Amino acid sequence: MIDPQLKRGLLDVCVLSILRREDSYGYQLIKDLSGCIEISESTLYPILRRLEAGGCLTVYSVEHNGRLRKFYRIADGGVRLIDQFLTSWPEILRIYDLIKECAEDDTRAVS
């Protein structure tokens, strides 16, 4: 199971990445993300509100079957957040490699 703090940061970037492809709404975002990471409505909507407040996405409404559906669109701040994540990825890989190397080191006995 992935650490909740790590998952939170990854979820932000995953949501923004989906929105970078195309505008979307909550239920569709959950479906699109389900192939790589588990997310519930109770997790997604606070993320969307936080990303909106942080200038990473914008919200607009479209009528669908007589009801308004909220759509989300990536904003410049969201593009920058994805770019920062991609730029930091080599450092994340180095951390992963260190953790894996230390875990595989059988020279020390675990007390």
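These numbers were taken from a predicted model, which means no experiment stands behind them. By convention here, the first residue in the shown sequence is residue 1.
Closest approach of I74 and V79 over heavy atoms only: CD1-N, 3.7 Å. In terms of heavy atoms, G55 sits closest to A75 at O-CB, 3.5 Å. Listed here is the closest heavy atom pair of L33 and C14: CD2-CB, 3.6 Å. The heavy-atom pair separating L81 from C56 by the smallest distance is CD2-SG, 4.3 Å.
For the pair I92/F85, a side-chain contact is recorded, criterion being any heavy-atom separation below 4.5 Å from C-beta on.
There is no path of hydrophobic side-chain contacts, each under 4.5 Å, that joins Y96 to L10. In terms of hydrophobic clustering, with Ile, Leu, Val, Met, Phe, Trp and Tyr side chains grouped at heavy-atom distances under 4.5 Å, L6 and L51 are assigned to a common cluster.
Residues passing the side-chain contact (heavy atoms from CB on, under 4.5 Å) test with S24 are L19, Q28, L29, D32, sequence neighbours excluded. When the side-chain hydrogen bond (donor to acceptor under 3.5 Å, both in side chains) test is applied to E41, no partner is found at least two apart in sequence or on another chain. Remark: E101 pairs with no residue by the side-chain contact (heavy atoms from CB on, under 4.5 Å) rule, at least two apart or across chains. Annotation: side-chain contact (heavy atoms from CB on, under 4.5 Å) contacts of S40 (sequence neighbours excluded): S42, T43.
Under a 4.5 Å side-chain heavy-atom criterion applied to ILVMFWY residues, the cluster that includes Y25 comprises Y27, Y60, V62, F71 as well.
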Residues L86, W89; criterion side-chain contact (heavy atoms from CB on, under 4.5 Å); working and verdict: CA-CA 5 Å; L86 292 172; W89 190 247; 5.5 Å; no

I'd like a table of donor-acceptor pairs (distance under 3.5 Å, sequence neighbours excluded) in which one partner is a side-chain atom from residues 63-70, with atom names and distances.
from : atom 1 : to  : atom 2 : distance (Å)
H64  : NE2    : R69 : NH2    : 3.4

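Remark: side-chain polar atoms of K7 are not paired, donor with acceptor, to backbone N or O of I37 under 3.5 angstrom.
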